[in-house]
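Here is the structure we will look at, set down as structure tokens.
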Amino acid sequence: MTPPVAYPGPAGSHTAAAAAALHPSERLVPVGGFRAVADAVVRADVAHGVLPIESSLAGAVAETHDLLYERSLSIVAETVLPIRHCLAATSSVDLDEIRVVRSHPSALEQCRDLLARLPHAVPIAAATTADAARLAAEDGDPSVAVIAGAEAVSLYGLTVLEENVGDSPAFTRFVSIAPYTHVSGDRAVARTAFTFVTDHRPGALHAAIEPFARARLDLVRLVSRPIPATPWSYRFDAVVAGHPLDTAVREALAELAAVTRSHRVLGVYEAAEVAR
């Protein structure tokens, strides 16, 4: 039997929808959380894992970036989905009766205007938006609301209090991860993800990324993340529009390697169209 594809469960999450979009003909299995997905990929219990990596409102998903780095995993595909959040509870209640709002941290960040209208409510993080919906259904307390997608709200029998509660139209980029990097696919729409660590000296970051500007290559993403083992040290995760076998990209990566302490390619994949 072909190994399945893992996503952070339970069913009904936005990541479940992304997994179905990225792997429409493969068996999908929910697992306990982001770390559980990465560990299942490392152990080869699954063929791929699917995780969110970037929100158009909240920015980079730090945990996914860190797991790619720590577990030496690679991105092999991406998709971008529109995110439409609902506020829901086990029964219809007035907003001023809500005392708790559960959701994934990224969803809470995407709904700050809503939370400002709930002065008596304490936001509590959940592993996924679907987990938040499941926990609310199990708890049965109508004063506990959730921010989740319509599929999770329906799956767990919750009542929609408000629809489209995000601060503005939101999209999330999801990635399929694997323990290898492949370089096949359409090079015309390729993206190359990589990570690097610079020395602590003036101009170190400029020296690392200047070759891409000189080659007129587009760095479509640049994220800084702390290195836990060395306080106040940071690595940079980046994505360049181009393929590592393209001459310009290959030469820019070689120049980056010469002026950084360490570097590694984090994946090669085709850029996703924005689904609306």
Residues Ala238 and Leu222: closest non-hydrogen pair is CB-CD1, 3.9 Å
Between Ile98 and Leu87, which heavy-atom pair has the shortest distance, and what is it? CD1-CD2, 4.1 Å
Apply side chain to side chain contact (heavy atoms under 4.5 Å, CB included) to the pair Ile147 and Cys86, showing each step before the final yes or no. CA-CA 6 Å; Ile147 296 170; Cys86 301; over 6 Å; no
Please check: side-chain N/O of Asp186 versus main-chain N/O of Ala188, any donor-acceptor pairing under 3.5 Å? yes
Using the salt bridge (charged side-chain N to carboxylate O under 4.0 Å, His left out) criterion, which residues pair with Glu210? Sequence neighbours excluded. Arg214
Is the number of heavy atoms from other residues, nucleotides or ligands under 6.0 Å of His182 NE2 greater than 12? yes
Please name all residues satisfying side chain to side chain donor-acceptor pair (under 3.5 Å) with Glu63, sequence neighbours left out, ordered by chain then number. none
If you round to the nearest 0.5 Å, how far is CZ of Arg71 from CD1 of Ile177? 9.5 Å
Non-neighbouring partners of Asp199 that pass side chain to side chain donor-acceptor pair (under 3.5 Å), sequence neighbours left out: Arg261
Would you be so kind as to tabulate the donor-acceptor pairs closer than 3.5 Å made by side chains of residues 117-129, with sequence neighbours excluded?
unit_1	atom_1	unit_2	atom_2	d
Arg117	NH1	Glu162	OE2	3.2
Arg117	NH2	Glu162	OE1	2.9
Thr128	OG1	Gly9	O	3.3
Thr128	OG1	Ala130	N	3.3
Thr128	OG1	Asp131	N	2.9
Thr128	OG1	Asp131	OD2	3.0

State whether the side chain of Thr64 and the backbone N or O of Pro52 hold a donor-acceptor pair below 3.5 Å, judged by distance alone. yes
Could you go step by step and tell me if His65 and Glu70 meet the side chain to side chain contact (heavy atoms under 4.5 Å, CB included) rule? CA-CA 9 Å; His65 277 270; Glu70 294 165 3; over 6 Å; no
Can you see which heavy atom on Leu217 is nearest to which on Ala252, and at what distance? CD1-CB, 4.1 Å
Apply the test salt bridge (charged side-chain N to carboxylate O under 4.0 Å, His left out) to residues Arg221 and Glu54: give CA-CA distance (whole Å), side-chain angles for both, the deciding distance (0.1 Å), then the verdict. CA-CA 10 Å; Arg221 199 176 317 147; Glu54 183 184 19; 3.2 Å; yes
The complete set of salt bridge (Lys or Arg N to Asp or Glu O under 4.0 Å) pairs with one or both residues in residues 230-244, sequence neighbours excluded, reads Asp66-Arg235, Arg235-Asp237
Please round to the nearest 0.5 Å and tell me the distance separating atom OG of Ser103 and atom NE2 of His85. 6.5 Å
Starting from the C-alpha separation in whole Å, work towards a yes-or-no answer on side chain to side chain contact (heavy atoms under 4.5 Å, CB included) for Gln110 and Asp167. CA-CA 6 Å; Gln110 293 167 5; Asp167 294 346; 5.8 Å; no
ring-ring contact (aromatic ring centres under 6.0 Å, His included): which pairs involve residues 207-263, sequence neighbours left out? Phe194-Phe212, Phe196-Phe236
Quick one: CG on Leu158 to OG on Ser92, what's the gap to the nearest 0.5 Å? 12.5 Å
How many angstroms lie between atom CD1 of Ile209 and atom CG of Leu256, to the nearest 0.5 angstrom? 9.5 Å
Kindly indicate, with the supporting measurements, whether the criterion side chain to side chain contact (heavy atoms under 4.5 Å, CB included) is fulfilled by Val101 and Leu108. CA-CA 9 Å; Val101 179; Leu108 293 170; 4.3 Å; yes
Can you give the donor-acceptor pairs under 3.5 Å from side chains of residues 16-32 to other protein atoms, not counting sequence neighbours?
unit_1	atom_1	unit_2	atom_2	d
His23	ND1	Glu26	OE2	2.9
His23	NE2	Ser176	OG	2.8

Short side-chain to backbone donor-acceptor contact, Asp218 and Ala241, under 3.5 Å: no
Heavy-atom closest contact (Ala145 atom, Ala89 atom, distance): CA-CB, 4.3 Å
For Ala204 and Thr198, work out which heavy atoms get closest and say how close. CB-CB, 3.9 Å
Looking at residues at least two apart in the chain, or sitting in another chain, which of them share a side chain to side chain donor-acceptor pair (under 3.5 Å) with Thr260? none
Euclidean distance, Leu73 CG relative to Leu266 CG, rounded to 0.5 Å: 9.5 Å
Return the OG1 to CD1 distance between Thr181 and Ile75, rounded to the nearest 0.5 Å. 9.5 Å
Could you tell me if the side chain of Thr90 sits less than 4.5 Å from the side chain of Thr159, heavy atoms only? no
By salt bridge (charged side-chain N to carboxylate O under 4.0 Å, His left out), which residues pair with Arg99, not counting sequence neighbours? none
With sequence neighbours left out, the residues meeting side chain to side chain donor-acceptor pair (under 3.5 Å) with Ser143 are Asp141
For Val37 and Gly49, work out which heavy atoms get closest and say how close. CG1-CA, 3.6 Å
Phe34: which residues meet the ring pair (Phe, Tyr, Trp, His ring centres under 6.0 Å) condition with it, sequence neighbours left out? His104
Same cluster or not: Ile53 versus Val239, using hydrophobic residues (I, L, V, M, F, W, Y) connected whenever any side-chain heavy atoms lie under 4.5 Å apart? yes
Please enumerate all residues that pass salt bridge (charged side-chain N to carboxylate O under 4.0 Å, His left out) together with Arg216, with sequence neighbours excluded. none
